[in-house]
*Asks:* 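Below you will find the structure I want to go over with you.
Quick note on labels: first sequence line is chain A, next is B, and so on, each numbered from 1.
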There are 2 protein chains.
Amino acid sequence: MDTVNTVKAATGPIRRETLHHGAVAELRAMILAGELRPGSRVAEVQLCGQLGVSRTPLREALRVLAAEGLVELRPRRGAVVTPIDPVEIGAVFEVMEALEALAGGLACRRGTAEEFAELDRLHAQLHARFEAGDRPSYFATNRLIHARIVAMARNPSLEASYAGFTAKILRARSLANYDAERWRGSLDEHEGFMAALRRRDAAAAGSLLADHSRRTADAVLQALNGGSE
Amino acid sequence: MDTVNTVKAATGPIRRETLHHGAVAELRAMILAGELRPGSRVAEVQLCGQLGVSRTPLREALRVLAAEGLVELRPRRGAVVTPIDPVEIGAVFEVMEALEALAGGLACRRGTAEEFAELDRLHAQLHARFEAGDRPSYFATNRLIHARIVAMARNPSLEASYAGFTAKILRARSLANYDAERWRGSLDEHEGFMAALRRRDAAAAGSLLADHSRRTADAVLQALNGGSE
DNA sequence: GCATGCCAAAATGTATACAAAATGGTGATT
DNA sequence: AATCACCATTTTGTATACATTTTGGCATGC
């Protein structure tokens, strides 16, 4: 019985999870982990057994995930995990670029000293993990840094949108490992926007974060289109 | 290629709507129209009778609307129409500003000549409705213009996000009628970004649309906070 | 008079039953 | 041999039944 809340903290009144809420979290995790592969059909009864719930909460969960865009519901013909469409991913990145820029600028104006210090600490960790050549850890820290910047923007709507887009992109990234050169470039760009953030230069931070996002997009899309074999 | 559109389009192929899909559309319309007032409790069985469906599809619809942020689900304690929180609306507008800027820039680069011509036509209509002093018609055309610009950006992700934010803002706007001076200013700003769009000036169009969005936000928030009595 | 505890009614969460449509395979016809 | 039609199976969509939990009121006690 784990509390798999993506957003809400553990505080507040006794929070009794409902089954469909838990099912949403589990299914989302399964999709993001690639356990349910893009394009694959979602068999309701099979998942019911797997998750230990009946069809009702499972179906409610599927509607939520469909609203998030992670699954597609075809009337009377079942659900499929949304296939990864490079065109769609490109569109998502395009919006991400704008959101990163917004987040960077707002973070400069609204982040606390503690948050900036934490950002520095995470950036050092990113560096260390690059040196160690540990890709998965690097990406984990990378994601955390961006999430923190978004959190520093103090805008729940931005945060929610960002999380949704991140989920979509994450699935694409998992099957598009870009090369070592791009990895180096990514780190350099982090250096760049970190410098801007340190001096609270909102315009520069936003602009550099947007650049970083665009270059990441280019790399991911290139890997998606060309580097399958 | 089925189109699961938020707007009920003309019947394409055999379009077999499911009940919960229809319920989502109806409930969303009711919420946006203010028929279900913000903060009010949503009684399941009552709505079941009203919509002519049983609890199952209605509940599925409520999950979807909760994912969209239009209702809030409190475990074991029913659903409420999400109250209008000026702070949240402010946050939404902040993101909208970035999306408008993005849409304006992309529209300049990707819109077709026909679309720009249509935009001109709608802008003239906007003018006429301002002169006629017909507020509701003005706002309808206004929304249409912005929707068209977003469509010209050729980015379904942007379009979907934009639609979601628009829905939230619309509810706030419906109870915040701003004054005549702002109305005039709004029209002037439309003139401004239309000029930029006509000459395909992406940077200017984006910037002016962002300005327009920010000023609209200011007016709405001011009306929300101060102008209740 | 006010607070507390308990019970009844209502509402939510979940499971299951039923109806209708889609899927897949078999057999008949050309 | 290929195609079409038809039927059984499976699967989805919906309704309803059941189990908990919340809620409101009433009685009891202080």
*Asks:* Is the shortest side-chain N to carboxylate O distance from A:R28 to A:E68 below 4.0 Å?
*Replies:* yes
*Asks:* Of all the nucleotides listed (C:dT12, D:dG13, D:dT16), which has the minimum atom distance to the side chain of A:R59?
*Replies:* D:dG13
*Asks:* Between B:T141 (side chain only) and B:S137 (backbone N and O only), is there a donor and an acceptor less than 3.5 Å apart?
*Replies:* yes
*Asks:* When only distance counts, do a donor and an acceptor, one from the side chain of B:R77 and one from the base of C:dG13, lie under 3.5 Å apart?
*Replies:* no
*Asks:* What side-chain donor-acceptor pairs closer than 3.5 Å can you find for residues 55-65 of chain A, not counting sequence neighbours?
*Replies:*
residue: A:R55; atom: NE; partner: A:E44; partner atom: OE1; Å: 2.9
residue: A:R55; atom: NH2; partner: A:E44; partner atom: OE1; Å: 3.1
residue: A:R59; atom: NE; partner: B:E60; partner atom: OE2; Å: 3.3
residue: A:R59; atom: NH1; partner: A:E44; partner atom: OE2; Å: 2.8
residue: A:E60; atom: OE1; partner: A:H20; partner atom: ND1; Å: 3.2
residue: A:E60; atom: OE2; partner: B:R59; partner atom: NE; Å: 3.3
residue: A:R63; atom: NE; partner: A:R59; partner atom: O; Å: 3.4
residue: A:R63; atom: NH1; partner: B:H20; partner atom: ND1; Å: 3.4
residue: A:R63; atom: NH1; partner: B:H20; partner atom: NE2; Å: 2.4

*Asks:* Looking at B:R76, I'd like to know whether one of its side-chain N or O atoms comes within less than 4.0 Å of OP1 or OP2 on C:dA11.
*Replies:* no
*Asks:* Can you list, in residue-number order, the parts of residues 39-50 of chain A that come under 4.0 Å of DNA chain D, counting heavy atoms only?
*Replies:* A:R41, A:V42, A:E44
*Asks:* Could you tell me the separation between the CD atom of A:E60 and the P atom of D:dG13, rounded to a whole number of Å?
*Replies:* 14 Å
*Asks:* Do A:T216 and A:R182 meet the criterion of a side-chain donor-acceptor pair at a distance under 3.5 Å?
*Replies:* yes
*Asks:* Can you tell me if A:S174 uses its side chain to pair, donor with acceptor, with the backbone of A:R171 under 3.5 Å?
*Replies:* yes
*Asks:* Compare side-chain N and O positions of A:H20 against OP1 and OP2 of C:dG13 and report whether any pair is under 4.0 Å apart.
*Replies:* no
*Asks:* Enumerate donor-acceptor pairs with a distance under 3.5 Å from any side-chain N or O in residues 156-163 of chain A to protein atoms, sequence neighbours excluded.
*Replies:*
residue: A:S161; atom: OG; partner: A:S157; partner atom: O; Å: 3.3
residue: A:Y162; atom: OH; partner: A:E100; partner atom: OE2; Å: 2.8

